[in-house]
Student: 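Dropping a structure here in structure tokens format, bear with me for questions.
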2 protein chains.
Amino acid sequence: MTGLRVAIADDHAVVRTGYRRLLELEPNVSVVAEFADCETAYTWLSANHADILILDLSMPGRGGLETLRRLKARVPTLKVLVFSMHGAPAMVSQAMQAGADGYLTKSSAPEALIAAVLDLGAGGQPLSEEAVRALGEAGNDSQAPHQVLSLREFQVFTMLAQGLAVDEIAARLCVSAKTVANYQTAIRQKTGLSNALEMFRYARTHALLE
Amino acid sequence: MTGLRVAIADDHAVVRTGYRRLLELEPNVSVVAEFADCETAYTWLSANHADILILDLSMPGRGGLETLRRLKARVPTLKVLVFSMHGAPAMVSQAMQAGADGYLTKSSAPEALIAAVLDLGAGGQPLSEEAVRALGEAGNDSQAPHQVLSLREFQVFTMLAQGLAVDEIAARLCVSAKTVANYQTAIRQKTGLSNALEMFRYARTHALLE
DNA sequence: TCTTCCATAGGAAAAATTCCCGACTTTTAT
DNA sequence: ATAAAAGTCGGGAATTTTTCCTATGGAAGA
């Protein structure tokens, strides 16, 4: 049996080297390439063969997710293991939708990385516990703002998410500040987003702004 | 010659293992401890001897900076090498002021880590190029939060910028909510950032967060 | 030593938020 | 068609958060 050909994409050289050493302890695995940015990874993988790509989503070069999507479109047989700093539900589900074959958070044990690579090689879909939990949460996400909020509430929501103050919103909508304050309260209750920053993050990851 | 006793604090197990393997290639270096959080690191290092601590500032338990400061106060002979994801000017100058003996970014070459550890052992002050540049820049940016805010204020600032509520911050820092509220007011006045979302945006564009 | 800055926090006043409510309009279901 | 439900708008009172002022003790510096 020939070994698994693994490529590593992570912008931190030390981290890449760490992975490489870890993986090379495994006889059936060989690391055939390392990339420090998305473009290089895309170019090389389009032209050369690898079985598995370990991909850090928080990479420079604008859009680890976008690269993942393009890569899966170009080289469908390539298995991609996303290895990310954070296990935020939105991030996990975004990554899986973009075509990831597995998702591990960096807080996983070192052995988990090896196990995940072997699992992927065998056709599995390795997910860390955090990732599974995140996907679960993302699933019952039928509580989206568009659903629970009324038109006016949603309008106020997007403004709050942009960082506008209650008074400013009231001025723009030509209603009393009191009314906007009341909407704000309703929005917080219905969505569970308790401040403007949470709203901003929610809105951004769900592409509700602009 | 006895080897350098090195401890590693980083919340990502895989990353820790990577460093360890890297460092253990060096005959004069031995890794004597690993920590996944600040408290554990502080406790162990107060009671046991190590020459060098490699510290990732972006650790949970909030306040890698605070831990660094406490640690240097408690164990002044310990050399601390800060090894951070980002070389933002603010972060570098804060870290150095808090007592760091060296600063490397994770984008450094693997050899740089080894070199930095040896340099530290020999009494040097290893700084990555990015860090040097950052220290330079930190000087001329006199209006920046990092300049006008005290250590404690800056700490609260980063938490506010992450969307934490006043009460949560108070709980984490073990101080009265009143105190945090007062800091918040001071921060808003000094920086002109009037709400958490503005702080977030500022912090993001200046790469002050993890 | 004396001064200044920082961390901490209490009290009072001001501002923002929440909760409850009512009036009126539009949509929906029977 | 008519009743019920839901949405828009805001007032008033209670509550919470924020601001402003003050004070104490510690640490750093002149």
Side-chain angles (χ1 to χ4, degrees), chain A residues 142-200, chain B residues 62-76 90 93-99 142 144-200:
Chain A
S142 57
Q143 300 299 64
H146 341 54
Q147 297 299 316
V148 298
L149 298 184
S150 74
L151 179 66
R152 202 58 157 170
E153 286 167 344
F154 185 73
Q155 226 173 353
V156 172
F157 166 76
T158 60
M159 292 183 179
L160 288 172
Q162 284 171 23
L164 294 178
V166 169
D167 291 339
E168 292 169 323
I169 297 173
R172 293 199 191 188
L173 296 179
C174 297
V175 297
S176 145
K178 201 61 215 294
T179 300
V180 176
N182 284 334
Y183 279 133
Q184 179 180 225
T185 300
I187 291 165
R188 287 177 176 172
Q189 285 211 321
K190 288 185 178 180
T191 64
L193 303 169
S194 61
N195 60 53
L197 228 179
E198 284 182 14
M199 291 183 203
F200 168 77
Chain B
R62 267 329 296 172
L65 276 178
E66 178 56 21
T67 301
L68 169 54
R69 209 183 51 73
R70 279 198 303 152
L71 214 40
K72 288 297 286 189
R74 181 73 116 91
V75 193
S93 74
Q94 284 282 326
M96 298 310 286
Q97 274 175 34
S142 61
H146 12 300
Q147 295 296 320
V148 298
L149 300 184
S150 72
L151 177 66
R152 203 57 157 167
E153 286 167 345
F154 184 74
Q155 225 175 353
V156 172
F157 167 76
T158 61
M159 293 184 180
L160 288 170
Q162 283 173 2
L164 294 178
V166 168
D167 291 339
E168 292 170 321
I169 296 173
R172 293 201 191 188
L173 297 180
C174 297
V175 297
S176 144
K178 203 62 217 293
T179 301
V180 176
N182 285 333
Y183 279 132
Q184 179 181 224
T185 300
I187 292 165
R188 286 177 176 172
Q189 285 210 324
K190 287 185 179 180
T191 65
L193 304 168
S194 62
N195 61 53
L197 195 43
E198 283 182 13
M199 291 184 203
F200 169 78

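By convention in this document, chain letters (A, B, ...) are assigned in the order of the sequence lines, proteins followed by strands, and residues within each chain are numbered from 1.
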Student: So if I define the base as every atom that isn't primed, P, OP1 or OP2, how would nucleotides 7-18 of chain D read as a B/S/- string at a heavy-atom cutoff under 4.0 Å?
Tutor: SSSBBBB----S
Student: Return the minimal non-hydrogen interatomic distance between B:L149 and B:F157, and the atom names on each side.
Tutor: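 Residues B:L149 and B:F157, closest heavy atoms: CD1-CB, 3.9 Å.
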Student: For nucleotides 22-30 of chain D, read 5' to 3', which letter fits each nucleotide if B means a protein heavy atom sits under 4.0 Å from the base, S means only the sugar-phosphate is that close, and - means neither?
Tutor: ---------
Student: Would you give the length of the straight line joining atom OG1 of A:T191 to atom CE of A:M199, rounded to the nearest 0.5 angstrom?
Tutor: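 If I round to the nearest 0.5 Å, the distance is 5.5 Å.
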Student: B:Q189 has an atom CD; how far is it from atom C1' of D:dC21, in whole Å?
Tutor: 12 Å
Student: To the nearest 10 degrees, what angle separates the axes at the start and end of the helix from C:dT1-D:dA30 to C:dT30-D:dA1, five pairs each?
Tutor: 30°
Student: Looking at CD of A:E153 and NZ of A:K190, how far apart are the two atoms once the value is rounded to the nearest 0.5 Å?
Tutor: 3.5 Å
Student: I need the A:F200 CZ to A:L197 CG distance, nearest 0.5 Å.
Tutor: 7.5 Å
Student: Expressed as a whole number of angstroms, how long is the span from B:I187:CD1 to C:dC6:P?
Tutor: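 For the pair B:I187 CD1 and C:dC6 P, the rounded distance is 13 Å.
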Student: Rounded to whole angstrom units, what separation is found between the CG atom of A:N195 and the P atom of C:dA16?
Tutor: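 In whole Å, C:dA16 P lies 17 Å from A:N195 CG.
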Student: Nearest 0.5 Å, what's the CG-CZ distance between B:L173 and B:R152?
Tutor: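 Rounded to the nearest 0.5 Å, the CG-CZ separation comes to 4.5 Å.
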Student: How close do B:A177 and B:D167 get, counting heavy atoms only, and between which atoms?
Tutor: CB-OD1, 3.6 Å
Student: Any chance you could measure B:S194, atom OG, to B:I187, atom CD1, to the nearest 0.5 Å?
Tutor: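 Output value for this atom pair is 13.0 Å.
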Student: Do the non-hydrogen side-chain atoms of A:R172 and A:L164 ever get within less than 4.5 Å of each other?
Tutor: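 Counting from C-beta outward, A:R172 and A:L164 do come under 4.5 Å.
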Student: Going from CG on B:N182 to OG on B:S176, what distance comes out if it is rounded to the nearest 0.5 angstrom?
Tutor: 8.0 Å
Student: Looking at every heavy atom in both B:R188 and B:L193, which two are closest together, and how far apart are they?
Tutor: CG-O, 3.4 Å
